[in-house]
Amino acid sequence: MDREIERVLLTETELSERVSELGAQVTSVYRDKLGAEPLIAVGMLKGAFVFLADLVRNIELYCEIDFLTVSSYGNLTESSGQILIKKDVSFDARGRHILLVEDIVDSGYTMNFVQNMLRARSPASLALVSLLDKPSRRKVPVTIDYLGFSIPDEFVVGYGLDFAGRHRNLPYIGVLNPAVYGSAD
Ligand code: PRP
């Protein structure tokens with residue numbers, strides 16, 4: 001294993017099984033809910049790119065894909081609550097069924113902001129699927145409609161999540177070795 005990873009928190013198999021369950025759940029909820037317009041899955045870049053790719057292949061419905069990029073001013077490990085839209089979605093949200101796809105909800109600042117922003121555009125519905133949740137870190141309320149795993153407050157990487165740009169390509173979710181984290185500027 002990579003020396004920067006202390007241990008595996010969620011294996012490739014655990015992730016794949018849970019993502020498949022989430023896909024089935026989304027499929028069954030939206031099957032009778034969608035009108036003429038397909039579901040639109042909006043992945044939060046960059047972290048959600050792996051989860052989104054696996055999730056949508058487990059959704060058995062017409063499903064469009066879009067992306068949203070935000071950034072938050074803050075230090076390396078914690079967002080500040082000031083959210084900036086770097087790349088907005090490229091569709092008209094009015095009347096659409098939107099499924100936001102996020103890798104992790106931590107303080108909640110990002111999702112709180114994004115949910116409010118999209119809700120103001122009058123979609124037919126707005127739901128959130130997040131692979132991970134760190135409830136102990138929450139600063140502002142966020143409703144997660146579909147959740148993969150609730151995890152303790154540890155620095156996790158892999159399956160899309162990074163530390164200083166590294167480890168997004170790991171096939172599992174690992175806990176970062178605190179020595180690496182401690183030595184970062
Ligand atoms: C991470 C993650 C969420 C956000 C959650 O993104 O992907 O979008 O932080 O944190 P919050 O609940 O405290 O707002 P990050 O800013 O690390 O960008 P990335 O997705 O490009 O890695």
Side-chain angles (χ1 to χ4, degrees), residues 2 4-6 9-10 14-15 18-19 22 26 40-56 65-90 93 98-121 123 126-178 180-185:
D2 189 292
E4 294 199 346
I5 308 301
E6 186 181 67
L9 185 67
L10 296 164
E14 287 169 325
L15 289 167
R18 189 72 189 112
V19 173
L22 289 172
V26 167
I40 184 150
V42 176
M44 298 294 301
L45 292 176
K46 298 175 185 173
F49 81 104
V50 178
F51 176 44
L52 176 91
D54 283 348
L55 179 72
V56 295
I65 313 291
D66 210 306
F67 296 97
L68 187 57
T69 310
V70 304
S71 69
S72 64
Y73 295 110
N75 61 34
L76 270 177
T77 61
E78 201 161 358
S79 68
S80 62
Q82 288 181 280
I83 309 295
L84 182 75
I85 299 293
K86 291 177 81 178
K87 192 207 87 69
D88 205 339
V89 296
S90 57
I98 301 173
L99 179 65
L100 276 168
V101 182
E102 179 63 289
D103 50 319
I104 186 166
V105 180
D106 192 313
S107 68
Y109 287 132
T110 304
M111 267 306 115
N112 184 279
F113 179 89
V114 168
Q115 286 179 321
N116 286 335
M117 180 187 85
L118 291 177
R119 210 172 281 122
R121 298 178 185 179
L126 178 66
L128 168 62
V129 55
S130 184
L131 179 68
L132 305 175
D133 183 21
K134 273 189 189 173
S136 63
R137 299 256 304 174
R138 199 72 88 252
K139 297 272 178 33
V140 289
V142 170
T143 301
I144 303 175
D145 301 276
Y146 311 97
L147 175 65
F149 303 91
S150 188
I151 62 167
D153 184 13
E154 294 184 288
F155 200 120
V156 289
V157 294
Y159 200 73
L161 290 91
D162 76 310
F163 171 70
R166 300 196 291 278
H167 306 309
R168 291 193 199 273
N169 57 328
L170 291 175
Y172 56 86
I173 301 270
V175 176
L176 195 71
N177 189 327
V180 177
Y181 168 81
S183 65
D185 332 294

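Below, each value reflects all heavy atoms present in this structure, side chains not excepted, and no hydrogens, waters or symmetry copies. It should be emphasised that the depicted structure is a prediction, and the values quoted were computed from it without experimental measurement. First listed ligand is number 1; within each ligand, the first listed atom is number 1.
Between I173 and G158 the shortest heavy-atom distance is CD1-O, 3.6 Å. S107 and R138 make their closest contact through O-CD, 3.3 Å (heavy atoms, listed as atom of the first residue, atom of the second, distance).
Within the 4.0 Å heavy-atom criterion, the part of E102 lying near ligand 1 is the side chain and not the backbone. Contacts of D103 with ligand 1, taken as heavy-atom pairs under 4.0 Å, involve the side chain alone.
Applying the 6.0 Å contact sphere to NZ of K134 captures more than 12 heavy atoms from other residues, nucleotides or ligands.
With sequence neighbours excluded, no residue forms a salt bridge (charged side-chain N to carboxylate O under 4.0 Å, His left out) with E6.
With ligand atoms numbered from 1 in the order given, ligand 1 contributes 20 (O), 21 (O) to contacts under 4.0 Å with heavy atoms of L45. Shown in contact with S107 at under 4.0 Å from a heavy atom are these atoms of ligand 1, numbered in order with element: 11 (P), 12 (O), 13 (O), 14 (O).
The closest approach between G108 and ligand 1 falls below 4.0 Å for a heavy atom of the residue.
With distances taken over non-hydrogen atoms, the option nearest atom 22 (O) of ligand 1 out of R168, K46, K86 is R168.
Between R121 and D88, at least one side-chain N (NZ, or NE/NH1/NH2) sits under 4.0 Å from a carboxylate O, which counts as a salt bridge.
Considering backbone and side-chain atoms together, D162 places an N or O closer than 3.5 Å to an N or O of ligand 1. Note: no N/O pair closer than 3.5 Å links M44 and ligand 1 by distance alone.
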Compile the donor-acceptor pairs under 3.5 Å between side chains in residues 150-157 and protein atoms, sequence neighbours left out, one pair per line.
residue : atom : partner : partner atom : Å
E154    : OE1  : R7      : NH2          : 2.8
E154    : OE2  : R7      : NH1          : 3.2
E154    : OE2  : R7      : NH2          : 3.2

